[in-house]
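This report concerns only the one structure given below.
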Amino acid sequence: MKVLYNDGHVDECPAEEELHVIRHSAAHIMAQAIKRLYPEADFAYGPATDNGFYYDVDLGDKKISEEDFPAIEAEMKKICKENLKFTVFEKSREEAVALMEERGEKYKVEHIGDLADDARITFYQQGEYIDMCVGPHLCYTKALKAFKLTGTSGAYWKGDKDNKMLTRINGVAFATKEELEEHLHMIEEAKKRDHRKIGREMDLFMMRDEAPGFPFFLPNGMILKNTLLDYWREIHHKAGYVEISTPLIMNKQLWKTSGHWDHYKDNMYSTVIDDEEYCIKPMNCPGGVLVYASKPHSYRELPIRAGEIGLVHRHELRGALHGLFRVRCFNQDDAHLFVRPDQLTDEIVGVVNLIDSVYQKFGFKYHVELSTRPDDSMGSDEDWERAEEGLKTALNELGMDYEVNEGDGAFYGPKIDFHLEDSLGRTWQCGTVQLDFQMPINFNLEYTDADGTKKRPIMLHRVCFGSVERFIGILIEHYAGKFPTWLAPVQVDVLPVSEKSRDYAHQVADKLDAAGIRVKVDDRDEKIGYKIREARSIDRVPYMLILGEKEVEAGNISVRDRSGETVQRSVDEFIADITAEISERRS
RNA sequence: GCCCGUGUAGCUCAGUAGGUAGAGCACUUCGUUGGUAACGAAGAGGUCACCGGUUCGAAUCCGGUCGCGGGCUCCA
């Protein structure tokens, strides 16, 4: 595919960049269409995205909603059909400002002001539409063949909540109509995996208007949660962790000492007890610190790795709430490590490896970010530099790829974040390792070193799942509710064909139950096809036992797995196999 | 918190021009004893999110509140 670069030359585009160019050009063509239909439209940023593009636009008093999409798409198609030629030209800063002012593009004028002094300022033009852009772009509008507008939303100018909110119009674009159709179909399929939908169908959890952002876990969801925590306890015990539990409510003075009151109070719930102010913990660390500080420590004891499944409450903005992914109370699979400086890198590496092993267990794709010092932070520059260096050293030692997320660290220290994908490809922060010099200072934590002097330990905060609730949401979408047997709330559904095999079904189920298998009997007065349908599409059980007169007579069972394959087996054989599958936590 | 959209039975959704509500599934009962993705019939179930306004009359129109959805901001 030939594209137009911003120095004016036309060249073959590297294959891996083609879609990006198509999508970016689609944004320009959409802007042109909108400008034709809404002359007052003032455009801000309009980049390509993973599957498409968007343009942020200020429409003054006018509004664009999805109802207007057919008209905009029709105009875009018309522009494509006109087969306008893309051209490019460069301007000096003054000329650029003059051009954009003349065309009433105030956001572009502001953007020019933000560009580096030596930046080349180039403009792409197709037909009457001119846009400041570094390109490259398609050569002709006809080269855009497959696109669709997908929605509108609000977006702050330059991503700053103190700025004006613009209208963002999103679209998707592909090289061919077939790929576009395939993508739209994929999105439809992905929506069926939504954890909110599956959570309801499988009776895992529920939300109520009476408690927005505070999930209710139902019996099936509790099995899932507890099974995950059993796994967590096992691997943490092996990795040398101990477990503690600290109070949900602690007095306000503690949160002042920790720094939470100064840096996090907008997110904290509080209450009054005996006329004194108390806070509901938004994080577990101060509790963990009090446990450490409760007695003297020797250098020989370190590192101390104290785990805590801690329920935290945070006042999240209601517009941010999202199923189990963003809630107002959640369990962190937390741990605080108190380490000597010479142990730091090894401990970070150990934590990162532990998190990686958990994600591999479930087959998750993830990416890593190193988040650095935020504006609102505590502590000295030197400590922050040391801390950021410490995390980088560990990541480099592991040979791990990571992005740097400037200014996104915790107020007490920088962090390594692990981001997992949901069914629609949105990413959510789950695991994190945070390095903290501040909390040990604020609480005057010490250990006695080999030479008898008092030293300050370094503190690591870390989670693997992150939020157990969020992790469960990701798991539900990852497996589309078809959990591996060890996690499945119902592992075996026993389906008698008729009343004649009902007693036998209960006998078999009792035997499985005695072997510790999570089993259910569907002895309703329904036909076998109906029961199978429900067991696979609603309960999503790994195994069904189909028991009719044939099995009663033979004294065996028919085992139907998720693929629909059915085999005749003895009950004992089946119990032996499924027990092994569960205890090995096979995926 | 901000922008847009939205809120009718447990779930998925109809409800045309304002005249106090419907379907399918689920549920209950009865019949049916059925062999690998929906057996038949009957019944029960809703102050149409909430508050206020317009109107002789509001699920329907208007305002506010709350919830939910897609984003932004923020975050595990």
Side-chain angles (χ1 to χ4, degrees), chain A residues 54 56 59 63-67 150-170 191 194 196-197 200-201 203 206-213 264 266-267 282-284 310 312 314-334 371 374 408 410 415 417-420 424 426 428-432 434 461-471 473-474 495-502 524-538 544-551 558-560 564-566:
Chain A
Y54 66 78
D56 289 345
L59 292 152
K63 277 200 297 199
I64 288 183
S65 70
E66 299 197 16
E67 288 169 27
T150 53
T152 63
S153 66
Y156 298 109
W157 165 233
K158 292 189 200 169
D160 186 334
K161 68 178 187 316
D162 296 325
N163 285 341
K164 181 168 186 183
M165 180 155 272
L166 309 171
T167 303
R168 175 167 297 180
I169 300 166
N170 293 285
K191 283 182 184 161
D194 191 311
R196 294 165 294 193
K197 177 175 180 289
R200 191 164 45 233
E201 289 173 357
D203 284 329
M206 65 176 198
M207 292 296 192
R208 296 238 88 207
D209 290 356
E210 289 86 341
Y264 209 72
D266 290 347
N267 286 54
M283 298 187 195
N284 301 300
V312 298
R314 299 180 182 178
H315 181 70
E316 300 296 341
L317 296 174
R318 54 200 179 142
L321 301 177
H322 186 113
L324 289 181
F325 288 157
R326 192 69 181 278
V327 290
R328 285 178 171 152
C329 81
F330 56 99
N331 286 279
Q332 288 185 306
D333 63 318
D334 218 338
S371 297
D408 212 31
K415 52 185 191 170
D417 298 325
F418 294 76
H419 295 253
L420 296 176
L424 287 169
R426 295 175 290 211
W428 299 86
Q429 186 186 319
C430 290
T432 149
Q434 309 178 353
H461 310 241
R462 48 111 284 176
V463 286
C464 291
F465 299 146
S467 141
V468 177
E469 286 73 5
R470 176 178 285 183
F471 196 79
I474 299 271
L495 313 180
V497 173
S498 76
E499 217 165 65
K500 291 173 189 150
S501 50
R502 183 189 270 181
R524 289 177 301 173
D525 186 12
E526 296 289 351
K527 294 178 114 170
I528 192 67
Y530 178 92
K531 295 181 189 181
I532 288 171
R533 182 173 190 275
E534 197 153 292
R536 49 170 288 147
S537 60
I538 306 294
M544 292 174 224
L545 304 188
I546 317 292
L547 304 182
E549 290 178 271
K550 209 166 68 188
E551 286 77 13
S558 288
V559 182
R560 188 194 209 272
E565 197 182 319
T566 308

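Here is the naming used below: chain letters follow the sequence lines, and residue numbers restart at 1 for every chain. For the numbers below, each heavy atom of this structure counts, side chains included, while hydrogens, waters and symmetry mates do not.
- Stacking between W428(A) and rA76(B) is absent: the aromatic ring centre is not both under 5.5 angstrom from the base six-membered ring centre and within 30 degrees in plane angle.
- Side-chain proximity of R200(A) to the nucleotides rU12(B), rG34(B), rG70(B) is greatest for rU12(B).
- Within the nucleic acid shown, I532(A) comes within 4.0 Å of at least one base atom, counting heavy atoms only.
- Residue G466(A) is out of contact with every strand shown, counting any heavy-atom pair closer than 4.0 Å.
- Minimum atom distance to the side chain of S498(A) is reached by rU33(B), of the listed rG70(B), rU33(B), rA76(B).
- Minimum heavy-atom separation, R326(A) to W428(A): CB-CZ3, 4.4 Å.
- The side chain of Y156(A) has rG1(B) as its nearest neighbour among rG1(B), rG70(B), rC3(B).
- Within 4.0 Å (heavy atoms only), E67(A) reaches no atom of the nucleic acid at all.
- Here rG71(B) presents its P atom at 11 Å from CZ of R168(A), a figure rounded to the nearest Å.
- Atom P of nucleotide rA76(B) and atom CZ of R314(A) are separated by 5 Å, given to the nearest angstrom.
- If you measure from atom OH of Y530(A) to atom P of rU33(B), you get 19 Å, rounded to the nearest angstrom.
- No contact: G564(A) has no heavy atom under 4.0 Å from any strand.
- No engagement by K531(A) is indicated, since no non-hydrogen atom pair under 4.0 Å with the nucleic acid exists.
- A salt bridge does not link E526(A) to R533(A): none of the charged nitrogens lies less than 4.0 Å from a carboxylate oxygen.
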